[in-house]
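Counting begins at 1 with the first residue of the sequence.
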Amino acid sequence: YGRWALGKVVVGDFNARFGQGLLVWNGFSMSGVPSARAVYRNGTGISASRSFSEGLHGIGADFNIGKYMLSAAYDRRHRALANLSRIGKTWQAGLTAYFSEGRLAASADWRAGFNGGAVFGEAALDGGVPACLAGAFFIPRDGSMVSAALRYYPSSYSGEMAGALRSSSKVSDEAGLSLAAQNGWGLVTFDSAWHLSKSKGTLKALAQIKNPFVLGNISFSPALRISERCSLDAGGGTQWRSDVRMQMDLVLGPWLASSRYNAVRCREWGWLWYGEIGYKREYGPHNRISTYIRGE
């Protein structure tokens, strides 16, 4: 870490994450919409990697130039990247360039905040192929969030280093819409994706409720999770997959009890249940005993 203009220098394994991840976002990122927060990416720039998985390996640095931040990196696979970002009071904007194997790609990302939320997006051009992502989120109060995003990634878009919002493993070959809302006890998400080259699409919906409460000396933690997935093709064919999971956890002093029932319907029905009781207690700061028995 430096002073004044020099921010930091990283030598070895490092992560580079900019904008919404449409051009450069290495390391772990989840596909789908498991939460309202997952619709939005928060780029962290260049940082040291603590993962055992191989990512970028070389040298990276960032510099503070007035109100701008300049980041640059080069790795052993002869890939080079640079980012110039400007952070205002209620907005942020950045330009990213990426060079690999004679191919130059670039993107522009932005975020503008308002009272309780923000709008965001990124547009990229890789080998003459455009891709874009835009969305917004709103936080009505602490613990609650509503978000939405649109995306368009052509099948010829490389997405080699991308980690943006997506329905599958690669940021390419899909157009989609994501919606989500959650608060302290519930979550509802919807994600649609149409895979352009295959003329196939998927619709995913998730509803989850978890509302712990205490009655007397017993703590109850009921939970219900329902997910639906529909696969579509251009000929009008559909295939549905339904998943319902119910769970109840009880705690009474050192005694614990838990039960779950899970039913899945696709071509046929499948189900699983279990019940478990346990005893867990600590004796002093360094001693404890626990025992469990489960039936399935």
Using a distance-only test with no angle check, is there a side-chain donor-acceptor pair under 3.5 angstrom linking [X] and [Y]?
X	Y	answer
Ser29	Arg166	yes
Asn83	Ser85	yes
Glu122	Ser107	yes

Whether [X] side chain and [Y] backbone form a donor-acceptor pair below 3.5 Å:
X	Y	value
Lys198	Asp173	no
Arg17	Asn26	yes
Asp62	Val9	no
Asp243	Val264	no

Within-4.5 Å side-chain heavy-atom neighbours: [X] and [Y]:
X	Y	result
His195	Ser167	yes
Trp271	Tyr261	yes
Leu81	Leu56	yes
Ile209	Trp185	yes
Leu150	Tyr152	no
Tyr292	Lys280	yes
Val119	Phe114	yes
Leu165	Gln20	no

Rounded distance [0.5 Å steps], CZ in Arg225 versus CG in Leu206: 5.0 Å
Euclidean distance, Leu22 CG relative to Asp109 CG, rounded to 0.5 Å: 9.5 Å
Is Lys210 salt-bridged to Asp249, cutoff N-O under 4.0 Å? no
So, for Leu179 and Ala148, which heavy atoms are closest and what is the spacing to 0.1 Å? CD2-CB, 3.5 Å
Below 3.5 Å, can you tabulate the donor-acceptor pairs from side chains in residues 126-147 to any protein atom, sequence neighbours excluded?
residue : atom : partner : partner atom : Å
Asp126  : OD1  : Arg103  : NE           : 2.7
Ser147  : OG   : Ala36   : O            : 2.8

Linking Ile, Leu, Val, Met, Phe, Trp and Tyr through side-chain heavy atoms less than 4.5 Å apart, which residues share a cluster with Phe28? Met30
Given the ring of Tyr68, does Arg86 sit roughly above its face, with NZ or CZ under 6.0 Å from the centre of the six-membered ring and within 45° of the axis? yes
